[in-house]
Amino acid sequence: MDRPPTVLPTALEVQVRARPLPRHVGIIMDGNGRWAELRGQPRLEGHREGSVSVREVTRAARRLGVQALTLYAFSSQNWARPPEEVAGLMDLLREYLESERAEILDNGIRLNAIGEVDKLPRYVREPLERLRADSAHNTGMVLTLALSYGGREELLRAARDLAQAAARGELDPAHLDADDLESRLWTAGLPPVDLIVRTSGEQRISNFLLWQLAYAELCFTDALWPDFRTEEFLRCLSQFQGRERRFGLTSAQVNRDDTPQRAKA
Ligand code: FPP
């Protein structure tokens, strides 16, 4: 892939850099199909242009210093799409894993995946596992692809795991806590999700990070995903920076000096 050109930051980027960033951003990348249909093109062209947005937003997040970026690339429910669209998306994922490999490694990004990854075809799973292993020691930013991912599926799996551990006598159901459950989610070890973005004007969560988004801020934008580039991303970050996060407390409490850091994040 070409090296990103050195460009001067826009005024918005300068402004966003001056304030605390979300540690973990999740994105529901919606509107690829509509982007293509508006241009009289096959839906797959929208997904292809959407991969360009993936590259731009990843670069911007890394440059800004976001710790974790999680992209909803393929849901558990997306398998039910027409077979040619599913096949096209799988091809695009493989192309992406091959074309972005060098940039991901060169920029200290750790590639991660969540979801029922074993359901992916081998030609996607292999480059994914290779890049996951080769980038495992990178510390710059964690880029997580949610692939064959569903929040309910993730919670069900964790519940099953907990029940089995209880049946084996390894944990006491009466003392089960949030950490017991969180440690069994695919996202274990990632920072708390601070911001969820959804593109294309839809305002729903669609089975994305259901447990993790409990206290996330939400940014809904009308931009279709292929049109969502650095400037749109910065606008969402700027919205986030303008929010007061209360985590159930009052505004007066979170503005007091002795309030725990998390409530002020
Ligand atoms: C939703 O838009 C998008 C998807 C189901 C796939 C997202 C995939 C990409 C952005 C490209 C490949 C991913 C990577 C990581 C390279 P939609 O098709 O539902 O749009 P619509 O609502 O307009 O039909």
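For ligands, and for the atoms within them, numbers begin at 1 and follow the listed sequence.
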Legend entry - Residues in side-chain hydrogen bond (donor to acceptor under 3.5 Å, both in side chains) contact with Arg63, at least two apart in sequence or another chain: Glu13
Inset, instruction - Considering non-hydrogen atoms only, spot the tightest contact between Leu64 and Leu21 and give its length. - result: O-CD1, 3.2 Å
Inset, instruction - Look at atom 9 (C) of ligand 1 and say which protein heavy atom is nearest, naming residue and atom and giving the distance to 0.1 Å. - result: Asn32 ND2, 3.6 Å
Legend entry - 4.0 Å heavy-atom contact, Arg81 with ligand 1: yes
Inset, instruction - Considering heavy atoms of the protein only, find what lies nearest to atom 12 (C) of ligand 1 and give residue, atom and distance to 0.1 Å. - result: Ser51 OG, 4.1 Å
Legend entry - Proximity flag Arg43 to ligand 1, non-hydrogen atoms under 4.0 Å: yes
Inset, instruction - Determine the minimum heavy-atom distance between Tyr72 and Ser206, stating which atoms define it. - result: OH-O, 3.0 Å
Inset, instruction - Give yes or no for whether the N/O distance cutoff of 3.5 Å, strictly under, is met between Gly50 and ligand 1. - result: no
Inset, instruction - Note the single closest protein heavy atom to atom 13 (C) of ligand 1, along with its residue, its atom name and the distance in Å. - result: Leu93 CD2, 4.0 Å
Legend entry - For atom 17 (P) of ligand 1, the option (of Asn78, Asp30, Leu143) bearing the nearest heavy atom: Asp30
Residues 114-123 side chain polar contacts: donor-acceptor under 3.5 Å, at least two apart:
| from | atom 1 | to | atom 2 | distance (Å) |
| --- | --- | --- | --- | --- |
| Glu116 | OE1 | Lys119 | NZ | 3.2 |

Inset, instruction - May I ask you to check if ligand 1 and Leu89 share an N or O to N or O distance below 3.5 Å? - result: no
Inset, instruction - Please say whether the positively charged group of Arg81, taken as NZ for Lys or CZ for Arg, lies over the ring of Trp79, i.e. under 6.0 angstrom from the six-membered ring centre and within 45 degrees of the axis. - result: no
Legend entry - Minimal non-hydrogen separation, Asn207 against Leu210, with atom names: OD1-CD1, 3.5 Å
Inset, instruction - Mind checking the CZ-NE2 spacing from Arg43 to His47? Nearest 0.5 Å is all I need. - result: 5.0 Å
Legend entry - Best match, Arg34, Met29, Arg48: closest heavy atom to atom 22 (O) of ligand 1: Arg34
Legend entry - Option with minimal heavy-atom separation from atom 11 (C) of ligand 1, where the choices are Arg55, Glu49, His47: His47
Inset, instruction - State the atoms of ligand 1, each with its element, that fall below the 4.0 Å cut-off from a heavy-atom position in Ala73. - result: 6 (C), 7 (C), 8 (C)
Legend entry - Flag if over 12 foreign heavy atoms under 6.0 Å of CZ, Arg17: yes
Inset, instruction - For Trp225, counting its heavy atoms only, list the atoms of ligand 1 lying under 4.0 Å from any of them. - result: 10 (C)
